[in-house]
2 protein chains.
Amino acid sequence: MNYSIGEVAARMGTNTSTLRYYDKKGLLPFVERDAAGRRKFKDNDFNFLEVIDCLKRSGVPIKDIGHFISLCLQGDTTLRQRYDYLDQEEAVLADKVRDMQAQLDFLRFKKWYYKTAVEAGTETIHFTPGTNFVAPTTHAQYQAALKKADDVRQLIDLPAD
Amino acid sequence: MNYSIGEVAARMGTNTSTLRYYDKKGLLPFVERDAAGRRKFKDNDFNFLEVIDCLKRSGVPIKDIGHFISLCLQGDTTLRQRYDYLDQEEAVLADKVRDMQAQLDFLRFKKWYYKTAVEAGTETIHFTPGTNFVAPTTHAQYQAALKKADDVRQLIDLPAD
DNA sequence: GCTTGACTTAAACCTAGGTTCAAGTCGTAT
DNA sequence: ATACGACTTGAACCTAGGTTTAAGTCAAGC
């Protein structure tokens with residue numbers, strides 16, 4: 001029924017200092033105390049902790065998380081504000097995922113670049129002849145190879161040494 | 001053919017201080033100087049800048065990016081190391097994308113929680129009767145609703161006010 | 001009744017990743 | 001020739017997000 005800060009830290013995969021830091025920053029106003037002043041977490045508090053953890057992983061700054069938590073403690077009048085806040089964070093996070101995917105695509109292009117260079121024994125296969133500069137057509141070559149390939153892995157993965 | 005630090009900053013969507021900071025941290029050893037000591041970027045340097053930008057967006061620490069750049073300047077003997085490095089970063093980034101997706105799924109569950117609460121006019125529809133605590137079955141209810149739904153949007157989106 | 005381990009606080013410390021500032025050097029347009 | 005804007009440097013400053021330390025409280029086991 002009740003959990004100490006140490007038990008909560010273990011269960012959440014964090015440490016007690018971090019939880020105290022969050023408390024100081026206003027993220028845990030719902031936590032009660034025992035007669036000796038020790039934090040006493042209830043089962044229901046894990047619902048808050050899950051939200052905090054999710055927003056944290058999503059890259060939301062701590063003070064914004066605190067704002068959301070404070071809305072939660074104000075009762076039904078803030079329901080729509082809470083919805084709108086999560087709706088906005090969903091959009092932000094979806095953008096972030098799209099950006100990560102774009103970076104992943106670029107990393108894969110660079111893997112192809114180095115895979116082919118490793119196979120050739122030299123990076124010069126990608127250079128404009130007579131220079132040390134990468135030919136401007138390189139990325140287009142990758143795109144073309146990618147279109148023909150059945151499997152990205154086959155195109156960009158090199159067997160482990 | 002040549003670009004000043006200001007032109008490069010504009011093109012990369014950053015500012016000159018940041019580029020100088022990167023230079024100081026060893027990310028731009030390939031940049032040349034003119035007679036007056038001003039940085040002189042070449043077209044080929046944008047290939048490096050793109051990689052730096054990609055790794056930065058991917059969350060790679062600056063010193064690690066510097067390590068990769070230094071491998072690049074050591075010639076063909078480091079080709080395999082560069083491949084392996086990118087291969088590892090690809091895996092790290094793919095993990096990160098999976099985690100973001102999981103956070104997105106959780107945010108959507110919470111949107112559903114608040115959408116239904118807003119529609120009911122009260123959060124108590126999710127509480128165990130007679131308490132102020134969220135019923136443990138709430139998430140399972142969402143999963144069930146999600147399985148039956150044709151479209152997540154319909155399940156979790158509330159019309160804009 | 002004393003030690004041990006988990007808790008409490010405030011305050012100091014740390015790192016990453018910049019940003020700002022002060023003082024100075026150029027090339028160019030007036 | 002002088003003013004302007006863009007460049008140069010090193011050093012100081014800043015924020016976020018913790019982590020560490022010091023000093024103390026408390027319950028339980030020996």
Note to self: Just by distance, no angles: are the side chains of A:Q103 and A:D99 close enough, under 3.5 Å, to form a donor-acceptor pair?
What the structure shows: yes
Checklist line | Full working for salt bridge (charged side-chain N to carboxylate O under 4.0 Å, His left out) between A:R39 and A:D34 | finding: CA-CA 7 Å; A:R39 290 173 187 79; A:D34 69 10; over 6 Å; no
Notebook entry, point to check: How about B:Y113 and A:Y83: are their ring centroids closer than 6.0 Å?
Noted result: no
Note to self: Rounded to whole Å, how long is the line connecting atom CG of A:D23 with atom C1' of C:dC7?
What the structure shows: 13 Å
Notebook entry, point to check: Do B:R82 and B:C72 touch side chain to side chain, with heavy atoms closer than 4.5 Å?
Noted result: yes
Note to self: For chain A and DNA chain D, what are the first and last nucleotides along the strand, 5' to 3', with at least one atom under 4.0 angstrom from a heavy atom of the protein chain?
What the structure shows: D:dA16 to D:dA27
Notebook entry, point to check: With a non-hydrogen cut-off below 4.0 angstrom, is B:R39 in contact with a base, only sugar-phosphate, or nothing?
Noted result: sugar-phosphate
Notebook entry, point to check: What about B:W112 and B:H126, are their ring centers closer than 6.0 Å?
Noted result: yes
Notebook entry, point to check: To the nearest Å, how far apart are B:I5 CD1 and C:dG27 P?
Noted result: 17 Å
Next item on the list: Round to a whole Å and report the spacing from OH of A:Y3 to C1' of C:dA6.
Entry: 18 Å
Checklist line | Rounded interatomic separation in angstrom, taking CZ from B:R20 and C1' from C:dT19 | finding: 12 Å
Checklist line | First encountered from the 5' end of DNA chain C, between B:A35 and B:G59 | finding: B:G59
Margin query: Between A:R33 and C:dT9, is there a contact of a side-chain N or O with OP1 or OP2 at under 4.0 Å?
Written below: yes
Margin query: Can you identify which nucleotide, out of C:dC26, C:dG18, C:dT8, has its nearest atom closest to the B:R38 side chain?
Written below: C:dC26
Checklist line | Steps toward salt bridge (charged side-chain N to carboxylate O under 4.0 Å, His left out) verdict (A:E90, B:R153) | finding: CA-CA 12 Å; A:E90 186 202 10; B:R153 290 296 143 206; 2.7 Å; yes
Check: What is the nucleic acid contact for A:K63, judged by heavy atoms within less than 4.0 Å: base, sugar-phosphate only, or nothing?
Finding: sugar-phosphate
Checklist line | Test of ring centre spacing under 6.0 Å for B:Y3 and B:F46 | finding: yes
Next item on the list: Nearest whole angstrom, please: distance from the C1' of C:dG18 to the CG of B:D53.
Entry: 15 Å
Notebook entry, point to check: What is the distance, rounded to the nearest whole Å, between atom CG of A:L19 and atom P of C:dT9?
Noted result: 12 Å
Margin query: Both B:T18 and A:A36 contact DNA chain C. Which one's nearest nucleotide lies toward the 5' end?
Written below: A:A36
Item checked: Distance, rounded to the nearest Å, where A:D34 contributes CG and C:dA6 contributes P -> 16 Å
